[in-house]
Amino acid sequence: MLLSYLEANRIEAGCDEAGRGCLAGSVYAAAVILPPDFHNEDLNDSKQLSEKKRYALRPIIEREAIAWAVGIVTPEEIDRINILKASFLAMHRAIDQLKVKPEHLLIDGNRFTPYPGLKHTTVVKGDGKYLSIAAASILAKTYRDDYMDSLDREYPAYHWKENKGYPTKAHREAIRECGITPYHRKTFTLLPEQLELKF
């Protein structure tokens with residue numbers, strides 16, 4: 001069973017990101033404040049759930065959360081500031097949009113850039129430990145998947161509907177054959193023979 005909160009009697013927002021390891025597309029993050037009595041047996045780390053289950057849970061989270069928001073950092077910004085900072089910035093942007101101000105942040109992972117005026121706790125594999133982080137992981141993942149599906153319609157050769165921008169064999173073969181798109185992260189190793197790529 002996932003835990004409802006780290007500390008009782010505090011408004012906690014769980015935060016997680018999606019798309020950090022991708023070669024293309026924005027990185028997405030979500031922040032979710034759940035009621036302390038929220039329970040859902042299906043809610044878990046988004047990576048442990050089927051796509052169908054993630055999309056079934058999204059409207060439940062959005063309806064029952066006290067507040068939720070999604071933050072986005074573009075490929076251009078990722079190239080400028082690096083993916084780690086971009087992941088934290090996406091979380092900050094999600095927190096910025098929360099309609100209820102949290103008193104504490106639960107962050108998935110082992111590092112975080114402090115959000116001004118808020119204390120935080122980092123939790124390794126937190127999306128498998130706390131309901132609010134699991135909820136954030138589902139929102140970040142599904143909204144990012146929707147975005148990559150829309151980009152797939154613009155650039156079908158890269159198979160983003162299937163790989164969501166991750167470095168699969170089909171994705172790398174398309175980069176080799178077609179070059180890169182405006183959505184690729186130019187600072188990433190897009191191909192093993194990176195030095196041969198001409199941007």
### Task
Apply side chain to side chain contact (heavy atoms under 4.5 Å, CB included) to Y158 and N163, showing your working.
CA-CA 8 Å; Y158 299 87; N163 62 51; 5.6 Å; no

So, for [X] and [Y], which heavy atoms are closest and what is the spacing to 0.1 Å?
X: A135; Y: L34; value: CB-CD1, 4.2 Å
X: K161; Y: K164; value: O-NZ, 2.7 Å
X: A24; Y: W160; value: CB-CZ2, 3.6 Å
X: G14; Y: A136; value: O-CB, 3.5 Å
X: T187; Y: D79; value: OG1-OD1, 2.6 Å
X: C22; Y: F188; value: O-CE2, 3.1 Å

Could you see if [X] belongs to whatever hydrophobic cluster contains [Y]? Use Ile, Leu, Val, Met, Phe, Trp, Tyr and a side-chain cutoff under 4.5 Å.
X: F112; Y: V27; value: no
X: Y28; Y: L57; value: yes
X: L3; Y: L131; value: no
X: I66; Y: I11; value: yes
X: I83; Y: L151; value: yes

### Task
Would you check, one step at a time, whether the test side chain to side chain contact (heavy atoms under 4.5 Å, CB included) holds for T74 with Y183?
CA-CA 8 Å; T74 67; Y183 299 107; over 6 Å; no

With a 4.5 Å heavy-atom cut-off, do [X] and [Y] have their side chains touching?
X: P36; Y: Y5; result: yes
X: H184; Y: H171; result: yes
X: I107; Y: F88; result: no
X: E64; Y: F38; result: yes
X: P114; Y: K119; result: no
X: K141; Y: R54; result: yes
X: V123; Y: D108; result: no
X: I180; Y: K186; result: yes

### Query
Does the side chain to side chain contact (heavy atoms under 4.5 Å, CB included) test come out yes or no for E12 and T121, once each step is laid out?
CA-CA 10 Å; E12 286 183 337; T121 301; over 6 Å; no

### Task
Measure from NZ or CZ of R58 to the centre of the six-membered ring of Y55 and say whether it is under 6.0 Å with the direction within 45° of the ring axis.
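Not flagged: R58 not positioned over aromatic ring of Y55.
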
Atom [atom1] in [X], atom [atom2] in [Y]: separation rounded to 0.5 Å?
X: L43; Y: I60; atom1: CG; atom2: CD1; answer: 9.0 Å
X: T142; Y: E62; atom1: OG1; atom2: CD; answer: 7.0 Å
X: M1; Y: N44; atom1: CE; atom2: CG; answer: 10.5 Å
X: E103; Y: N9; atom1: CD; atom2: CG; answer: 9.5 Å
X: N40; Y: I61; atom1: CG; atom2: CD1; answer: 7.5 Å
X: L118; Y: H104; atom1: CG; atom2: NE2; answer: 9.0 Å

Tabulate below the donor-acceptor pairs under 3.5 Å that side-chain atoms of residues 89-100 make, not counting sequence neighbours, or state none.
{"residue": "H92", "atom": "NE2", "partner": "T113", "partner atom": "O", "Å": "2.8"}
{"residue": "R93", "atom": "NH1", "partner": "I72", "partner atom": "O", "Å": "2.8"}
{"residue": "R93", "atom": "NH1", "partner": "E77", "partner atom": "OE1", "Å": "3.1"}
{"residue": "R93", "atom": "NH1", "partner": "E77", "partner atom": "OE2", "Å": "3.3"}
{"residue": "R93", "atom": "NH2", "partner": "E77", "partner atom": "OE2", "Å": "2.8"}
{"residue": "D96", "atom": "OD1", "partner": "Y115", "partner atom": "OH", "Å": "2.5"}
{"residue": "Q97", "atom": "NE2", "partner": "V70", "partner atom": "O", "Å": "2.8"}
{"residue": "Q97", "atom": "NE2", "partner": "R93", "partner atom": "O", "Å": "3.0"}

### K53 atom NZ, over 12 foreign heavy atoms within 6.0 Å
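For K53, atom NZ is not crowded (no more than 12 foreign heavy atoms under 6.0 Å).
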
### Task
Step through the shown structure and confirm whether more than 12 heavy atoms of other residues, nucleotides or ligands are within 6.0 Å of OH on Y166.
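Enclosed.
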
#### Entry: Pairing of D149 and R144 as salt bridge, 4.0 angstrom limit
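So D149 does not pair with R144 through a salt bridge.
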
### Salt-bridge criterion met for K47 and D127 (N-O under 4.0 Å)
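Yes.
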
### Task
Could you give me the CA-CA distance, side-chain angles and deciding distance for L191 and R176, then say whether side chain to side chain contact (heavy atoms under 4.5 Å, CB included) is met?
CA-CA 8 Å; L191 290 174; R176 192 174 279 112; 3.9 Å; yes

